[in-house]
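What follows is a short report on a single structure.
All heavy atoms count here, side chains included; hydrogens, waters and symmetry mates do not. Letters A, B, ... are given to chains in the order of the sequence lines, protein chains preceding strands, and every chain is numbered from 1.
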Number of protein chains: 2
Amino acid sequence: MKTEQPMTLTRIAALAKTSPSTVSRVLSDDPRISEATRQRVLQILKENRYQPNLLARALKGGKTGQIGVLATNIGSGFFAEVLQGIDFATRAQAIHMVCSFAHGIADYIEMAADMLTNGRTDGLILIDPPLEMFDRKPPVGATPAVLCASRPLRRSSDWHQVDSVTVDNKDAMNQLVGHMAGRRRAYLIHLAGPRNTYDSQARRAAFKAALRGRKGWRATIEDGHLIDGDGRRSAKQMLKCGHPLPDAILCFNDSTAQGVAETFDAEGVAWRGRVAITGWDNSTAAHFMDLTSVQMPTHDLGRTSAELLLERLKPNGPIAAPRQVALPTTVHFRGSTLYRGSKP
Amino acid sequence: MKTEQPMTLTRIAALAKTSPSTVSRVLSDDPRISEATRQRVLQILKENRYQPNLLARALKGGKTGQIGVLATNIGSGFFAEVLQGIDFATRAQAIHMVCSFAHGIADYIEMAADMLTNGRTDGLILIDPPLEMFDRKPPVGATPAVLCASRPLRRSSDWHQVDSVTVDNKDAMNQLVGHMAGRRRAYLIHLAGPRNTYDSQARRAAFKAALRGRKGWRATIEDGHLIDGDGRRSAKQMLKCGHPLPDAILCFNDSTAQGVAETFDAEGVAWRGRVAITGWDNSTAAHFMDLTSVQMPTHDLGRTSAELLLERLKPNGPIAAPRQVALPTTVHFRGSTLYRGSKP
DNA sequence: TTGAAAGCGTTACCAG
DNA sequence: CTGGTAACGCTTTCAA
């Protein structure tokens, strides 16, 4: 294992008995190089397996050829799919993805600030940031950023200047509630997600909006549901309090729904046909539990985010106004929302 | 949106009425700086929210502070968990991960060669590469690499010089077969995976080895199983050919097992209690299907790979001999391997 | 204790 | 068509 010192453009120039400038021009296909020297240089280049030092290039050109992707460490499957979407959009342009996981709220905010300013990447995709991030202004001198599966809720924040890609939570929630409505159900519970993520708050708001104007309907919202344990706790609570069960339980995600359903099953509650349960994410669990669930366009979420970012990174691109894209979801209606006697 | 030109160390020096050298020393906590100037510089640094340009640093220091991670685009959940393991090991040292997905065999080999030599990263973790990669030598001047969930099978390849982290397929397979053996089962089928991945071939070999010496046992191996469709096809084949069903079907992964089980169910075959079916990966599907399955130490796979790589990257580290780590798996025995009348 | 200067590998602007 | 030179932002001798 001999340590070969790497071939630099300057060393190539020496070998080819010419100047670094010329070699650089050959590499960039500059037309005003004589065919003779071009061939000679190319030959040496190949013989020595020259690979340009991308760092030096980046330092000179002010572009790194990399974009950052920051995610929370929750929901690994979701993240991986979004990442593949980003890859789909970036691979053609040989843009590389620098990935980081944040551990907790403060960590996310800190890492985002760092990645936006440390010059390691040309832009940043922020996946599902904690809403607390929007309380601070984006750091000065930040690289372009795109919010993926998120958007600032209040108008006060400077983060409105950055592009965002979200899903149409409103439409999905309307479909879920509408599905119940067709069956004249009257009491709904929404086991909402954490208070500090966009999607959670958007679905919460969409739930309230979907119920507005439905006379005689009742609804409750409980916050902070993320994992099956949260669903379990709420399900036990429902059983313990003695009140009649709701007609429908709309859960923030499949994990929560799984917790609820499994708890009911364990307690011997015959909920199927009487209590509609819905999840969100259309995971494998939803498939197996025959659970009605909302499918997120994960791949498109990543792809679109990357496309917006790349567009903004184009050198001559006019500084377009911030764009807010909302992607459609797909609701999979399954057995968990069938009421007794009704058909699929 | 005014485009602020970024704060450089030189500009800070000017503002602090001192030299770039001094500022650089303050940043690196050089002890021989007077407390007075130290404070003054720190003040300016903070006021201007200075962030060092990591590119310039990297160019000077010859280290990028990044490691590459190359994966196939299959099995996104697995990849994400390995990635989190890598993150676990690298975040303390502020090493960043550059992630790429290969689309197909040729693409993987090409991307690996590129990432090993383009200088963008200090080292590379190759997740589950196609075995074809080992037919070529590693490129000259390659950065250090670690094989994750893989290892060259034949002794001929120079790839044996690189560290590798695998799982103990042999032990897991022994446990599966042994589980059957306790029940004196005689005819086993292994629905093996693709021919060109290490894990697949290792499990294949382990299956054969586990059966060696068991007199009177019969076994068949079929290759190329990766997704549920493959399992479906094989299951239909078994039913169609008229032969009696085997006593056990050991599948390459849970998807394949799912395909087999669902096909049997759909065809009305009462397999539970008569035909043992096993999967691999311990996915959500395995949980729901009550399927015996092998759990991979995904997080540790990533963490260990990163640790090996970082160790090799240490500037003064002696050039240690290549290491081959094998991590233990956990076999989850479930209902799918219970025979009629036997207890868990 | 501080500053000047060289240099990491590349590109781009001028000259010639 | 080609070569010298400066510059990207930083670190690190070497002097002072």
Side-chain angles (χ1 to χ4, degrees), chain A residues 4-42 44-45 48-66 117-122 141 143 315, chain B residues 3-42 44-45 48-66 94 117-122 141 143 315:
Chain A
E4 315 213 10
Q5 64 168 307
M7 262 301 157
T8 71
L9 183 147
T10 311
R11 300 218 299 138
I12 293 285
L15 290 174
K17 304 210 187 307
T18 177
S19 74
S21 322
T22 301
V23 178
S24 177
R25 289 197 188 97
V26 169
L27 286 169
S28 56
D29 273 329
D30 193 309
R32 52 184 193 180
I33 292 284
S34 75
E35 193 55 23
T37 49
R38 220 179 73 83
Q39 289 305 336
R40 179 162 44 93
V41 170
L42 280 176
I44 310 267
L45 242 22
N48 296 79
R49 291 191 195 73
Y50 169 77
Q51 292 273 131
N53 182 320
L54 300 177
L55 247 45
R57 243 181 215 180
L59 180 59
K60 185 89 234 299
K63 293 247 147 282
T64 66
Q66 299 189 149
T117 51
N118 69 13
R120 194 183 283 281
T121 57
D122 300 329
T143 62
Chain B
T3 311
E4 314 214 7
Q5 64 170 305
M7 260 303 157
T8 72
L9 182 146
T10 311
R11 300 219 299 138
I12 293 285
L15 290 174
K17 304 209 186 309
T18 178
S19 72
S21 329
T22 302
V23 179
S24 176
R25 290 197 186 97
V26 169
L27 286 169
S28 56
D29 272 328
D30 194 310
R32 53 183 192 182
I33 291 286
S34 75
E35 192 54 24
T37 48
R38 220 179 74 84
Q39 289 305 336
R40 179 161 43 93
V41 170
L42 281 177
I44 309 269
L45 243 23
N48 296 80
R49 291 192 196 74
Y50 169 77
Q51 291 275 129
N53 181 321
L54 299 180
L55 246 47
R57 247 184 209 175
L59 179 59
K60 186 91 235 297
K63 294 246 145 283
T64 66
Q66 300 188 150
T117 53
N118 69 11
R120 194 181 284 280
T121 57
D122 300 328
T143 61

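Taking atom CZ of residue A/Arg40 and atom C1' of nucleotide D/dT2, one finds them 11 Å apart after rounding to whole Å. Whole-Å rounding puts the B/Leu55 CG to C/dG7 C1' distance at 17 Å. When rounded to the nearest whole Å, the span between CG of B/Leu27 and P of D/dG9 equals 15 Å. Atom-to-atom, CZ of B/Arg32 to P of C/dG3 comes out at 12 Å; the value is rounded to the nearest Å. If you take CG of A/Leu59 and P of C/dA12, they are 13 Å apart, rounded to a whole angstrom. Separating the NZ atom of A/Lys60 from the P atom of C/dG7 is a distance of 19 Å, rounded to the nearest angstrom. Distance, B/Met7 CE to D/dC10 C1': 16 Å, rounded to whole Å. Distance A/Arg25 CZ to C/dT10 P: 15 Å, rounded to the nearest Å.
Remark: the A/Ser21 side chain and the D/dG4 base include a donor-acceptor N/O pair separated by less than 3.5 Å.
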Check step by step if side-chain contact (heavy atoms from CB on, under 4.5 Å) holds for A/Asp122 and A/Gln66. CA-CA 6 Å; A/Asp122 300 329; A/Gln66 299 189 149; 5.7 Å; no

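A close approach under 4.0 Å does occur between a side-chain nitrogen or oxygen of A/Ser19 and OP1 or OP2 of D/dG3. Between C/dT10 and A/Tyr50, a contact under 4.0 Å exists linking OP1 or OP2 to a side-chain N or O. Taking 4.0 angstrom as the limit, B/Ser34 places a side-chain polar atom (N or O) nearer than this to OP1 or OP2 of C/dT2.
With distances taken from any side-chain atom of B/Thr18 to the nucleotides C/dT10, D/dC10, C/dT2, the minimum falls on C/dT2.
Note on B/Ser24: a base of the nucleic acid sits closer than 4.0 angstrom, heavy atoms only. Using a 4.0 Å heavy-atom distance criterion, A/Thr10 is classed as a base contact. In this structure, A/Thr37 reaches the sugar-phosphate backbone alone: every heavy-atom distance under 4.0 Å involves primed, P, OP1 or OP2 atoms, never a base.
Ion pair A/Asp30/A/Arg38 not flagged as a salt bridge, since none of the NZ, NE, NH1 or NH2 atoms sits closer than 4.0 Å to an Asp/Glu carboxylate oxygen.
A heavy-atom distance below 4.5 Å is not found between the side chains of A/Leu9 and A/Pro52. For the pair A/Ser19/A/Thr22, a side-chain contact is recorded, criterion being any heavy-atom separation below 4.5 Å from C-beta on.
A/Thr37 and A/Ser34 share a side-chain donor-acceptor pair at under 3.5 Å.
If you find the closest nucleotide of DNA chain D to A/Ile33 and to B/Arg57, the one lying nearer the 5' end belongs to A/Ile33.
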